[in-house]
Chemist: 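Submitted below is the structure of interest, expressed as structure tokens.
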Amino acid sequence: MAFTLSGADVCQPTLPTPIPDPYWVAFSSSAAKLIGLEVDDSGLPQDPTWLGLLAGNQLVANNQHFLNPIATAYSGHQFGVWAGQLGDGRAILLGDIAGQELQLKGAGKTHYSRMGDGRAVLRSSIREYLCSEAMHSLGIPTTRALSVVGSDLPIRRETSETAAVCARLAPSFIRIGHFEHFSTQQNIARLKELADLVMKNHYPECMNAESPYLDLVKKISARNASLVAQWQAVGFCHGVLNSDNISALGLTMDYGPFGFMDYFQIDHICNHSDQAGRYSYHRQPQIMHWNIACLASAMLPLLELQEESETAMNLLRSALDEFSDVYTQQWQALFRQKLGFKTTQEDDMKLLERLLQLLHDSRVDFTSFFRGLGNILTHESVEKILLRNHFVNRELIDKWFTDYVLRLKSENSIDEERKLFINKVNPKFILRNHLAQRAIELAQRKDFSEVQKLNAILSKPFDEQLEYAEYADPPTPDLRAIEVSCSS
Ligand code: AMP
Ligand code: MG
């Protein structure tokens, strides 16, 4: 919804820079529905002028005009260190359509590009496209991807690649970094305008709270706590959880060197550039909490408009404490579901912790393990459970399965019912790195069919789709080695 703040300190009017001879790489008819865009039989917009618009080559498509595109200013903490002003260095907000903001990523330089070229390469644009849409189909809040438009324009990264523009949709692209930006500048009037805008458009319930800004912090915190619990439940690692990449709406955003875990490793690092593992799998909850603390401290001046400084600080501190409660509650609920439990029992978390340790020790494929739990028959002996073959220590896993089956029996779990339930919460298909890589390599040779096929498979992650069984398989050891860095 409309980013209605204006002024040179907030945003800059920015025209996209055209790309030569644009062509469709990918188009999401599912995202198109969000904005009421009609699609033809080939799955592309009926109106061909959308190609030029989504390439950044023109500002009009059919009856849609985007005459005031902007790039916005934000700041942020990167890898735990204050990085000062960042801003939309390669994203241009075209405007609003049906309650969604339409943004072009990679559409050329902006006022905030610093040393960058304002571009995005085909590889990273396809990854963002596939993952945004896959995340949505998993039921996890995310910005959406409408399209990827390519061009043969060469782009220099580690090697020479080609340019692409990814069109993104979200009710708002406001990040924690936007709040930090005005707060560090002690521009309280702007900070208040921003908070009021976010509240009015996205958290109207806060406006009636006793302390609206405190309530806003709590609500943003709760949405992001819940988001990170959902990531953990599907083995998703974001890769760069800097405060400028954290949405004020609790959406997964700014897909870069992300990765879904194949085999389970509690301290898995998906971003090759993150040597210290700041953003590793098991740290994501605490890092998200840290980012919410950045938000809380940015919002302090607004609370101080109403309270003594000490009281304001104490209120924000207690708001921050709520993060862990929301996260833990959500994480436990999601993993109980993954295990197929309908009730809550005292020792459930001990059982889960034992399992996670065993999965970690044997590096068992996370997604297919949980999916496979649906095949367990409670009347059969544990030696018949095929999943046990993936574990090095058979004695310990057999003991675990014995306890698991007892736990299922204690709530009179019915096998067929549980299988249906487990299959609704444990996806069969996730965007594994090697699948994305295969689609990218074909796309780099101008064959976009695999991007389309993969997107279609991932749009039904919980369905069996037996004809695509190989897409559910973990990578072979040689394919596991694909490294993903920040370069995009
Ligand atoms: P990211 O790590 O992608 O979230 O980006 C961090 C900051 O760098 C943001 O301000 C981006 O807009 C900016 N940035 C990243 N890549 C480029 C690029 N190629 N050109 C200009 N700015 C960029
Ligand atoms: Mg970013």
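Whatever order the structure lists them in is the order used to number ligands and atoms, beginning at 1.
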Chemist: Purely on distance, is any nitrogen or oxygen of Gly89 under 3.5 Å from one on ligand 1?
Modeler: yes
Chemist: Just need the protein heavy atom nearest to atom 5 (O) of ligand 1, so name the residue and atom and give the distance.
Modeler: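 Of every protein heavy atom, Asp244 OD2, 4.7 Å lies nearest to atom 5 (O) of ligand 1.
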Chemist: Among Arg90, Arg123, Lys105, exactly one meets salt bridge (charged side-chain N to carboxylate O under 4.0 Å, His left out) together with Glu128. Which residue is that?
Modeler: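 It is Lys105; the other options fail the test.
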Chemist: If you count the atoms of ligand 1 from 1 in the order shown, which ones are under 4.0 Å from a heavy atom of Asn245?
Modeler: 4 (O)
Chemist: Please determine if Arg119 has a nitrogen or oxygen closer than 3.5 Å to a nitrogen or oxygen of ligand 1.
Modeler: yes
Chemist: I'd like to know if the side chain of Gln232 and the backbone of Tyr281 have a donor-acceptor N/O pair within less than 3.5 Å.
Modeler: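 Checking the backbone N and O of Tyr281 against the side chain of Gln232, a donor-acceptor pair under 3.5 Å is found.
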Chemist: Ignoring hydrogens and angles, tell me if any N or O in the side chain of Gln12 forms a donor-acceptor pair with the backbone of Ala8 under 3.5 Å.
Modeler: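 Between the backbone of Ala8 and the side chain of Gln12 there is a qualifying donor-acceptor contact (under 3.5 Å).
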Chemist: Any atoms of ligand 1 less than 4.0 Å from a non-hydrogen atom of Leu86? List them with their elements.
Modeler: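 Contacts of ligand 1 toward Leu86, numbered from 1: 10 (O).
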Chemist: Is there side-chain contact between Arg175 and Asp254, with at least one heavy-atom pair below 4.5 Å?
Modeler: yes
Chemist: So does Tyr279 get a backbone contact from the side chain of Asp274, meaning a donor-acceptor N/O pair under 3.5 Å?
Modeler: yes
Chemist: Give a yes/no answer: is there an N/O/S atom of Asn242 under 2.8 Å from the Mg ion (ligand 2)?
Modeler: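 It does not; every qualifying atom lies at 2.8 Å or beyond.
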Chemist: Would you say Arg114 contacts ligand 1, with heavy atoms under 4.0 Å as the rule?
Modeler: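 For ligand 1, residue contact (heavy atoms, under 4.0 Å) with Arg114 is present.
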Chemist: For ligand 1, which atoms have a heavy atom of Ser113 less than 4.0 angstrom away?
Modeler: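 Once the distances to Ser113 are compared, the set is 21 (C), 22 (N).
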Chemist: Report yes or no: does a heavy atom of Tyr74 sit under 4.0 Å from some atom of ligand 1?
Modeler: yes
Chemist: Going by distance only, is there an N or O of Gly87 that falls short of 3.5 Å from an N or O of ligand 1?
Modeler: yes
Chemist: With heavy atoms only and a cut-off of under 4.0 Å, state how Asp117 meets ligand 1: side chain, backbone, both or neither.
Modeler: both
Chemist: For atom 6 (C) of ligand 1, what is the nearest protein heavy atom, given as residue, atom name and distance?
Modeler: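 Here the nearest protein heavy atom works out to Gln78 NE2, 3.7 Å.
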Chemist: Salt bridge check, Lys219 against Asp215: does any charged N sit closer than 4.0 Å to a carboxylate O?
Modeler: yes
Chemist: For ligand 1, is Lys109 a contact, meaning one of its heavy atoms is under 4.0 Å away?
Modeler: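 Judged by the 4.0 Å heavy-atom criterion, Lys109 does not count as contacting ligand 1.
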Chemist: Is there a heavy atom of Gly118 sitting under 4.0 angstrom from any atom of ligand 1?
Modeler: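 Judged by the 4.0 Å heavy-atom criterion, Gly118 does count as contacting ligand 1.
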Chemist: I'd like to know whether Asp262 forms a salt bridge (Lys or Arg N to Asp or Glu O under 4.0 Å) with Arg480, so could you lay out the CA-CA distance, the side-chain angles of the two residues, the decisive distance to 0.1 Å, and finally the verdict.
Modeler: CA-CA 8 Å; Asp262 294 307; Arg480 276 188 204 155; over 6 Å; no
Chemist: Below 3.5 angstrom, do we get any N/O pair linking Tyr112 and ligand 1?
Modeler: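 Min N/O separation from ligand 1 is not below 3.5 Å for Tyr112.
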Chemist: Can the positive tip of Arg127 be found less than 6.0 Å from the middle of the six-membered ring of Tyr255, inside 45° of the ring normal?
Modeler: no
Chemist: Can the positive tip of Lys338 be found less than 6.0 Å from the middle of the six-membered ring of Phe370, inside 45° of the ring normal?
Modeler: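 Ring-cation test returns yes.
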Chemist: So does Asp152 pair up with Lys446, basic N to acidic O under 4.0 Å?
Modeler: yes
Chemist: Would you call Arg157 a ligand 1 contact, heavy-atom distance under 4.0 Å?
Modeler: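 Flag set, Arg157 near ligand 1.
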Chemist: Tell me the protein heavy atom at minimum distance from atom 23 (C) of ligand 1, and give that distance in Å.
Modeler: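 Ranked first by proximity to atom 23 (C) of ligand 1 is Arg90 CG, 4.1 Å.
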Chemist: Taking backbone and side chain together, does Asp254 place any N/O/S atom at a distance below 2.8 Å from the Mg ion (ligand 2)?
Modeler: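 Yes, within the cut-off.
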Chemist: Between Ser273 and Val240, is any pair of side-chain heavy atoms under 4.5 Å apart?
Modeler: no
Chemist: If the contact criterion is a heavy-atom separation under 4.0 Å, does Asp254 count as touching ligand 1?
Modeler: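 In this structure, Asp254 qualifies as a contact of ligand 1 - some heavy atom is under 4.0 Å.
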Chemist: Does this structure show an ion pair linking Arg317 with Asp321, if we count only N-O contacts that are shorter than 4.0 Å?
Modeler: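 So Arg317 does not pair with Asp321 through a salt bridge.
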